[in-house]
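Remarks on the structure that follows.
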Amino acid sequence: DAMVIQNPRYQVTQFGKPVTLSCSQTLNHNVMYWYQQKSSQAPKLLFHYYDKDFNNEADTPDNFQSRRPNTSFCFLDIRSPGLGDAAMYLCATSRDRVYNEQFFGPGTRLTVL
Amino acid sequence: TQLLEQSPQFLSIQEGENLTVYCNSSSVFSSLQWYRQEPGEGPVLLVTVVTGGEVKKLKRLTFQFGDARKDSSLHITAAQPGDTGLYLCAAPQTGGFKTIFGAGTRLFVKA
């Protein structure tokens, strides 16, 4: 089945210790998104890739970086996690940016100790 | 700034009851999506509505897009515990590439 996969599902890191979250998709979609979601709030967009074109949201902290080495994979790097970065991180894909029905992965729950 | 306002924020009902969730905006959107998110999981797309006045049905769920494409509603008939979750409406930003999400309606259906 075509899908969006996120690994790991649960990640525990220490304050200030870099962490990488991964996302892969078998949908062959052009667009991949990373969202941060806290406490049943709406997902907050961090950035998205349209093919290889990276688009950062203005209010995304510099602490968050992303890589998309190919169509299928996208990574979220948190360089120095703080306690406030503890959240659910959601990866999503869409076929294009205009119509943008999004298909979400199951998320990675990040805990910062 | 385009916003989607959902109401109610929280709803707790008994199994078998009917309910309606609303998603309102002062902006016109080209389309609107509804997602359901269960605890610890990612949102799952339920439906996309595109045409003003459009009504779509998904089993016991009925979705309607307002005539002016500024608002939408989700009606659940005879709610079941399996309907429990966070319901999010979302729409593509006009002139941009961002998806705007409502704050969500958290539904709890008691057996």
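As the structure is a computational prediction, the values presented were derived from the model and not from experiment. Computation of the quantities below employed the complete heavy-atom set of this structure, encompassing side-chain atoms and omitting hydrogens, waters and symmetry-equivalent molecules. Convention: sequence-line order gives letters A, B, ...; per-chain numbering from 1.
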Would you say the side chain of B:Phe63 lies within less than 4.5 Å of the side chain of B:Thr48, judging by non-hydrogen atoms?
-> no
Residue from A:Arg9, A:Arg109, A:His48 scoring the most non-hydrogen pairs under 4.5 Å with chain B is A:Arg9
Report the option among B:Gly42, B:Gly104, B:Pro39, B:Pro43 that has the most heavy-atom pairs separated by less than 4.5 Å from atoms of chain A.
-> B:Pro43
Among B:Leu88, B:Thr99, B:Leu45, single out the residue with the greatest number of heavy-atom pairs under 4.5 Å to chain A.
-> B:Thr99
Centroid separation A:Tyr35 to A:Phe104 less than 6.0 Å | yes
Heavy-atom distance under 4.5 Å between the side chains of B:Leu86 and B:Thr105, does that happen here?
-> no
Distance SG-SG for A:Cys74, A:Cys23 less than 2.5 Å = no
Which portion of B:Gln6 sits near chain A, non-hydrogen atoms under 4.5 angstrom | neither
Is it true that the SG atoms of B:Cys23 and B:Cys89 are less than 2.5 Å apart?
-> yes
Pairs of heavy atoms under 4.5 Å with chain B: top-ranked of A:Gln41, A:Met88, A:Gln102 | A:Gln102
